[in-house]
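These values consider heavy atoms only, across backbone and side chains, with no hydrogens, waters or symmetry-generated copies. Keep in mind that what you see is a predicted model, and the values were worked out from it rather than measured.
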Amino acid sequence: MTNADVARVFREIADLLEIGGDSGFRINSYRRVARTIGDLPNEVADIAARGELGKLPGVGKASAEKIATLLETGRLSLREELGKKVPESLLELLGIPGMGPKKVALLYHERGIESLDALSRAIASNQLDGMKGFGAKSIAAMREGIEFLKRSAGRTRIGAAWPTAELLRACVAEMPGVQRVEHAGSLRRGRETVGDLDLLCVGADGRGIVQCFTEYPGVSRVLASGGTKGSVLVGLGQGREIQVDLRVVPAESFGAAWQYFTGSKEHNVRLRERAVKRGWTLNEYALSEADGGKVIASKTEEEIYAALDLPWIVPELREDRGELDLREPIDDLLTLEDIRGELHMHTTASDGKHTIEQMVQAARERGYKYVCITDHSQSSVIANGLKPSRLLRHIEAVRKVGSESRGMKVWVGAEVDILADGSLDYEDELLAQLDFVVASVHFGMGKDIEHNTQRTIAAIRSPYVNVIAHPTGRLINKRDAMPIDIEAIAKEAARTGTALEINASSYRLDLRDQHARVARDLGATLCINCDAHHREHFKQMRFGVQTARRAWLRKQDVLNTRGAAEVAEFVRAKRP
DNA sequence: GCCGTTTTCGGCCCGACTGTTTTCAGTCG
C-alpha cells in the first residue's frame with residue numbers, strides 16, 4: 001500500500017463517518033491522519049517498520065494500529081463496516097458543490113439515492129419534489145453542480161490557473177472604489193495545484209464591488225453574491241472552469257483578512273489556537289480580546305504574527321509543517337531574484353522550438369549570467385535525441401554561439417537518458433567533452449521502488465552526471481510519480497556532489513516540495529530549471545522557486561544561485 | 001480520535017451566504 005492509498009482510506013472513513021453523523025472531532029482526527037500520511041516525503045511503511053507511527057502529528061494509538069493493520073493486510077475492518085452501513089457510491093455525491101454529508105444522508109435515507117446517476121434521474125423525474133429542505137433553488141443548484149462536477153477535473157495546475165488569476169486581479173483593481181487587491185489562498189502559497197482562486201480587496205462599498213465582480217464578462221455562473229463576498233465560476237479554456245471567490249474588507253482589517261484567506265486551513269487553526277491560549281480570538285477582521293473586546297492587531301499580517309510572538313511567516317511556509325515553531329525567520333529563504341542561470345533547456349537540435357541563439361537571447365533578457373544547452377540523448381527517439389555524431393557537431397555549434405556571447409556564459413551539455421540498468425545513454429568519452437550533464441529517466445518508470453532507486457543512484461555515481469532532472473517523472477494530474485527512496489537518493493547525491501532538480505515546469509514541479517525538503521535536510525544541493533523547450537517557458541521559474549520556498553530552501557541550497565565560476569567548480573570537483 | 005505552559009479528562013477555530021424549516025441548519029473556506 002502506498003502513502004496515497006493509506007491516506008485515501010482514512011479520508012473515506014472520515015467521509016463515511018460524516019454521512020453517518022458521527023462526532024465532528026473524531027471525523028477531523030481521521031482527516032488529520034489522512035493529510036499527514038498524504039504529505040509524507042517517505043514511505044509510511046518504513047516508519048511503521050521502525051515502530052514510529054505514533055510520532056507522526058495527529059497519529060495516536062488507535063490510528064497507528066489502523067495504519068499498521070492496513071499496511072500488513074491491505075484491509076481495515078472499520079472501513080469495511082462503514083462501507084456496509086451505507087453504499088460507497090455516496091462518496092461521489094460529496095463532490096457536488098453545495099452538497100455535504102447531511103444532505104447526502106437525507107437523499108439516501110428518504111429517497112434511496114446512492115449515486116450521481118441516481119440523483120440525476122431523481123431530479124429529472126421530479127422525485128425530490130416536496131422533500132423537506134430541498135426547494136426549487138436547491139434542486140436547480142444540484143443539477144448544475146452535477147454538470148460542474150463532470151466538467152471540472154479536480155484541482156488545477158498552478159501554471160494553468162495563474163494567467164486567469166492575474167487577469168482577474170487586474171480587472172478587480174480597475175473597479176470603482178477598489179483601493180487594493182491581492183491574491184490569497186493556495187495560489188499565494190505556491191501550491192502545485194489550486195482548488196479555486198481567492199482574491200481579497202479593500203473597498204468601502206462591498207456590495208457594489210461584489211456586484212461588479214459577478215458581472216465580469218468571463219463569469220459563467222454566479223454561486224453567491226453578498227455584501228462582503230462573491231463566488232463565481234470562470235472559464236479556463238477547453239471547457240474547464242474554476243471557482244473564484246472575492247472578499248471585500250475595510251482597510252483596517254486587511255492584514256487579518258489576508259492572513260485568514262491565505263491559509264492554509266491547518267496553519268490558521270494552529271494560529272487561532274495560539275490566540276485562544278492568550279485569551280484572544282482571531283478571525284478575518286482582527287486579532288482581538290475575546291467577547292468583543294478591544295482589537296489587538298488587524299492592519300497588517302506582520303502585526304498579527306508579532307502579537308502572537310511569531311516572526312512574519314512567508315505564505316509558502318504556511319502549511320503547519322513546523323513553521324510555527326520557528327523562533328526566527330529563515331535567513332536567506334530563496335527568492336526569484338537569487339536565480340542566476342539555468343542548466344537544463346532544449347533547442348531545435350532535439351525537441352525545442354527555438355535555436356541556440358534564440359534561447360541564449362531569451363536567457364540574456366531575463367538577466368541570467370549563464371545557461372547550459374542540454375538537448376536529448378539518442379534513446380529519446382521521439383524527442384529527436386542526438387546520436388553521438390550529431391552531438392559532436394552540436395557541441396561545436398553551441399561553443400560557437402558561446403564564443404560570440406558577451407557577458408553571459410554559454411555551456412554545452414546534454415540531457416542524457418538513464419537506461420533501464422542505470423547506465424547512461426552516451427559513453428564516458430563523449431560525456432567528458434560536455435561542460436555539464438543532466439541525467440533523467442524517460443521510460444520504464446513502472447518498476448518497483450528498489451529498482452527505481454538503484455537505477456537513479458547508479459546514474460548519480462557517474463562522475464559526469466551533475467544533475468538528476470525531474471527525479472520522479474511525475475506529470476501533475478496525468479502521471480503519478482515513480483516511487484523512489486528519496487532519502488537514499490539524497491544521501492548519495494550529497495555524498496557525490498550531484499544536484500537534484502526541482503523542475504519548474506508547472507506540469508512537473510519535480511522534486512515536489514516535501515521531497516526537496518528531505519533532500520536539503522540530508523545535505524543534497526538542489527538545482528531549479530525550467531526544462532525550457534520554448535523561450536516562454538523561462539517564465540515558469542516562479543513556480544519552481546515557490547516550490548523551493550515550500551521546501552524551506554535557502555539561497556545557498558540551490559546550485560543556480562551561484563556564480564558561473566562556482567558552478568564550474570561544482571562540476572570539476574566531481575570529475576575524475 | 002488526539003492531546004497537554006488549564007496534562008490523562010475535557011476540550012477541540014471562526015464567520016459568510018443560502019434557502020427556506022420565519023430563526024437557523026447546512027455548506028464552505
Expressed as a whole number of angstroms, how long is the span from [X]:[atom1] to [N]:[atom2]?
{"X": "A/R189", "N": "B/dG29", "atom1": "CZ", "atom2": "P", "answer": "13 Å"}
{"X": "A/F134", "N": "B/dG19", "atom1": "CZ", "atom2": "C1'", "answer": "11 Å"}
{"X": "A/L78", "N": "B/dG1", "atom1": "CG", "atom2": "C1'", "answer": "11 Å"}
{"X": "A/R31", "N": "B/dG29", "atom1": "CZ", "atom2": "P", "answer": "13 Å"}
{"X": "A/N28", "N": "B/dG29", "atom1": "CG", "atom2": "P", "answer": "15 Å"}
{"X": "A/L246", "N": "B/dC17", "atom1": "CG", "atom2": "P", "answer": "11 Å"}
{"X": "A/D22", "N": "B/dC12", "atom1": "CG", "atom2": "C1'", "answer": "15 Å"}
{"X": "A/F213", "N": "B/dA16", "atom1": "CZ", "atom2": "P", "answer": "18 Å"}

ask   = Below 4.0 angstrom, N of the basic side chain to O of the carboxylate: do A/E88 and A/R79 qualify?
value =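 Yes, this pair counts.
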ask   = With a 4.0 Å cut-off, would you call A/R321 and A/D513 a salt bridge?
value = yes
Phosphate-side-chain proximity, [X] and [N], N/O vs OP1/OP2 below 4.0 Å:
{"X": "A/S63", "N": "B/dC2", "answer": "yes"}
{"X": "A/T228", "N": "B/dC17", "answer": "yes"}
{"X": "A/S231", "N": "B/dC28", "answer": "no"}
{"X": "A/K66", "N": "B/dG1", "answer": "yes"}

Of all the choices, [options], which nucleotide is nearest to the side chain of [X] once you look at every atom?
{"X": "A/Y285", "options": "B/dG15, B/dT27, B/dC12", "value": "B/dG15"}
{"X": "A/V276", "options": "B/dC17, B/dG29, B/dC14", "value": "B/dC14"}
{"X": "A/S29", "options": "B/dG15, B/dC12, B/dC2", "value": "B/dC2"}
{"X": "A/K229", "options": "B/dC12, B/dT6, B/dC17", "value": "B/dC17"}
{"X": "A/P101", "options": "B/dT27, B/dA16, B/dG19", "value": "B/dT27"}
{"X": "A/D198", "options": "B/dG15, B/dT21, B/dG29", "value": "B/dG29"}
{"X": "A/N283", "options": "B/dA16, B/dC14, B/dG1", "value": "B/dC14"}
{"X": "A/K137", "options": "B/dG19, B/dT21, B/dC17", "value": "B/dG19"}
{"X": "A/K102", "options": "B/dT18, B/dC12, B/dT27", "value": "B/dT27"}
{"X": "A/K132", "options": "B/dC17, B/dC12, B/dT21", "value": "B/dT21"}

Counting only heavy atoms from other residues, nucleotides and ligands, does the tally under 6.0 Å from [atom1] of [X] exceed 12?
{"X": "A/R278", "atom1": "CZ", "answer": "yes"}
{"X": "A/R180", "atom1": "CZ", "answer": "yes"}
{"X": "A/Y507", "atom1": "OH", "answer": "no"}

inquiry  = Restricting to non-hydrogen atoms, name the atom on A/A48 and the atom on A/L71 that form the minimum distance, rounded to 0.1 Å.
reply    =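 Shortest heavy-atom separation between A/A48 and A/L71 comes out as CB-CD1, 3.6 Å.
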For the [atom1] atoms, the ones on [N] and on [M], what distance do you get once it is rounded to whole angstrom?
{"N": "B/dA16", "M": "B/dG11", "atom1": "C1'", "result": "26 Å"}
{"N": "B/dC3", "M": "B/dT7", "atom1": "C1'", "result": "8 Å"}
{"N": "B/dT23", "M": "B/dC17", "atom1": "C1'", "result": "16 Å"}
{"N": "B/dC28", "M": "B/dT20", "atom1": "P", "result": "16 Å"}
{"N": "B/dC2", "M": "B/dT8", "atom1": "C1'", "result": "12 Å"}
{"N": "B/dT21", "M": "B/dG26", "atom1": "C1'", "result": "12 Å"}
{"N": "B/dC12", "M": "B/dT5", "atom1": "P", "result": "15 Å"}

Base, sugar-phosphate, or nothing: which does [X] touch, judged by heavy atoms less than 4.0 Å apart?
{"X": "A/A136", "result": "sugar-phosphate"}
{"X": "A/G227", "result": "sugar-phosphate"}
{"X": "A/R247", "result": "sugar-phosphate"}
{"X": "A/L271", "result": "nothing"}
{"X": "A/G226", "result": "sugar-phosphate"}

request  = Spell out yes or no: do the side chain of A/Y260 and the base of B/dG15 have one donor N/O and one acceptor N/O closer than 3.5 Å?
outcome  =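 No, the side chain and the base share no sub-3.5 Å donor-acceptor pair.
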request  = Among A/R474, A/R508, A/R157, find the residue that satisfies the salt bridge (charged side-chain N to carboxylate O under 4.0 Å, His left out) test when tested with A/E192.
outcome  =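 Testing each of A/R474, A/R508, A/R157 against A/E192, the sole residue satisfying salt bridge (charged side-chain N to carboxylate O under 4.0 Å, His left out) is A/R474.
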Partner nucleotide of B/dT8 by Watson-Crick or wobble geometry (both distances under 3.5 Å) =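 Checking every strand shown, B/dT8 finds no partner, since no pair has both distances under 3.5 Å.
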key: Residue whose closest nucleotide on DNA chain B lies nearer the 5' end, A/K103 versus A/E284   =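 Residue closer to the 5' terminus by nearest nucleotide: A/E284.
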ask   = Given that A/K277 and A/G230 both sit by DNA chain B, which one's nearest nucleotide is further toward the 5' end?
value = A/K277
query = For A/T335 and A/D338, does a side-chain donor sit closer than 3.5 Å to a side-chain acceptor?
reply =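 The answer is yes; a qualifying pair exists.
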